[in-house]
Amino acid sequence: MMTLNDGDQPIETCLQGGVLRIGICRPKKKNALTQQMYQELTAAIELAEQDDRVRVLLLHGTADCFTSGNDLRDFADNPPGGEESPVFRFLRAISRAQKPIIAVVNGPAVGIGTTLLLHCDLVLAGEEARFQLPFVNLGLCPEAASSYLLPQLVGHLQASELLLLGEPIDARRAEQLGLVNRIYPASKLFQRAIFLAQQLAQKPPAAVRLTKSLLKQGQARQVAEVMSKEGELFLQLLQKPEAQEAIGAFLQGRPADFSRFR
Ligand code: COA
């Protein structure tokens, strides 16, 4: 069963009735994702793809937080080194998965916590869900092909607002923008998500996979190319003083000051 506790197993998996639940569970750090967690997420997706018992993947966080995105401490101490880094391997795995992925979001979904949703097939949100893309605020650029997928989904101006201002939006706004399929009260969210996942898991699996593949095939090449380009730029920016100032400020609990940069 899904646990919402403070255990030391940050990625939890559980297979039941054809639904593989993949839980991000590191509540003390708002489910911030470390390299190890990306590796475990990737392994869970890859194993699910090979396992005929798995019909649907259900990706969730804890009750009041999806994920605060990349662990900024891990970023500072152990920055990703290239395309084979765990974060990029994870993004490729989620973007290429053949089986449907349902994301269940309540509380913050920051950075990759929002961009990964662009690769999911259904996004169910709790009323307290908050979506935020603070890459610019961190001296970084979009990743996960979000610079391509987001304007396609929400239009250029809305995408610019989300990516340039980096302010959080609530579940209703995300639903209006098409980032979210359905909103439920937080108390019903997991129950409804599991019900929907089980319904999908009972459908003819080849037809489900083929439909997913048809829905995605038109943009697959572009997604892969943009993701790779963004990754390269992201890694360059991560080394620059702007990102170091932003990440240092977060870790030191002070406002960032970009006034010296040109
Ligand atoms: N990386 C590392 N640690 C993080 C983190 C992250 N992305 N997000 C939260 N944490 C840590 C905090 O430093 C804090 O640790 P501490 O208790 O040791 O001081 C703990 O998690 C709780 O976070 P806090 O900020 O107190 O919770 P909150 O409920 O007030 O705010 C967020 C939650 C998610 C809105 C806020 O933590 C946040 O904005 N985090 C950074 C998000 C971000 O920029 N992610 C990177 C995107 S690329």
Side-chain angles (χ1 to χ4, degrees), residues 4-8 10-11 24-38 40-41 60-81 85-91 94 103-119 125-147 149-150 159 162-171 173-174 179 186 227 230-240 242-258:
L4 301 179
N5 62 15
D6 212 5
D8 52 6
I11 302 299
I24 307 169
C25 184
R26 194 186 170 217
K28 282 186 184 154
K29 295 291 178 188
K30 299 285 166 185
N31 299 337
L33 295 163
T34 60
Q35 305 228 19
Q36 182 212 331
M37 290 162 73
Y38 286 123
E40 289 178 28
L41 287 168
H60 62 84
T62 42
D64 63 355
C65 182
F66 184 58
T67 168
S68 59
N70 274 289
D71 184 305
L72 293 171
R73 163 72 59 198
D74 206 35
F75 251 2
D77 294 349
N78 195 17
S85 297
V87 58
F88 297 126
R89 289 198 57 233
F90 164 68
L91 288 173
I94 196 167
V104 188
V105 181
N106 200 36
V110 187
I112 197 168
T114 289
T115 60
L116 73 80
L117 303 175
L118 301 170
H119 300 280
E127 282 169 344
E128 306 302 320
R130 294 283 178 278
F131 305 82
Q132 187 178 10
L133 297 166
F135 300 113
V136 163
N137 303 347
L138 291 165
L140 298 170
C141 67
E143 33 80 313
S146 56
S147 63
L149 290 171
L150 197 63
L162 291 172
L163 284 166
L164 292 177
L165 299 184
E167 287 168 359
I169 57 165
D170 65 15
R173 183 88 188 101
L179 282 164
M227 203 185 276
E230 287 173 345
E232 203 182 302
L233 296 170
F234 192 97
L235 292 180
Q236 286 172 21
L237 288 179
L238 198 54
Q239 306 300 329
K240 303 263 185 205
E242 289 185 4
Q244 286 168 11
E245 164 61 16
I247 293 171
F250 175 79
L251 296 175
Q252 291 156 25
R254 62 171 173 84
D257 176 5
F258 303 111

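Counting convention: from 1, in listed order, for ligands and their atoms alike. Every heavy atom of this structure was used, including side-chain atoms; hydrogens, water molecules and symmetry mates were not.
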State, with a plain yes or no, whether a side-chain heavy atom of [X] is found less than 4.5 Å away from one of [Y].
X	Y	answer
N137	L165	no
I169	R130	no
K29	T34	no
L133	T115	yes
T114	Q132	no
L238	I247	yes

Q132 N/O under 3.5 Å from ligand 1 N/O: no
Close N or O approach (F250, ligand 1; < 3.5 Å): no
Below 4.0 angstrom from a heavy atom of [X], which ligand 1 atoms are there? Numbered from 1 as shown, please.
X	answer
N70	1 (N), 6 (C), 7 (N), 46 (C)
L138	44 (O), 46 (C), 47 (C), 48 (S)
V110	42 (C), 43 (C), 45 (N)

Does the protein put any heavy atom within less than 4.0 Å of [atom]?
atom	answer
atom 26 (O) of ligand 1	no
atom 19 (O) of ligand 1	no
atom 6 (C) of ligand 1	yes
atom 30 (O) of ligand 1	no
atom 44 (O) of ligand 1	yes
atom 36 (C) of ligand 1	no
atom 14 (C) of ligand 1	no

If I compare all heavy atoms of [X] with all of [Y], which pair ends up nearest, and what's the gap?
X	Y	value
N106	E127	OD1-N, 3.8 Å
A109	F66	CB-CD2, 3.8 Å
G139	L237	O-CB, 3.5 Å

Shortest protein contact, [atom] (heavy atom only):
atom	value
atom 28 (P) of ligand 1	K30 CE, 4.0 Å
atom 21 (O) of ligand 1	K29 CA, 3.3 Å
atom 32 (C) of ligand 1	P108 CG, 4.6 Å

Aromatic plane relationship, F75 with F234 - under 30° parallel, 30 to 60° tilted, over 60° perpendicular: tilted
contact_flag F75 ligand 1 heavy-atom lt 4.0 Å: no
Contact check, K28 vs ligand 1, heavy-atom distance below 4.0 Å: yes
Option with minimal heavy-atom separation from atom 1 (N) of ligand 1, where the choices are L133, V87, L140, L72: L72
Structural part of S68 in contact with ligand 1, heavy atom criterion under 4.0 angstrom: both
Qualifying residues under ring-ring contact (aromatic ring centres under 6.0 Å, His included), relative to F90, sequence neighbours excluded: Y38
Which residues share a salt bridge (charged side-chain N to carboxylate O under 4.0 Å, His left out) with D74, sequence neighbours left out: none
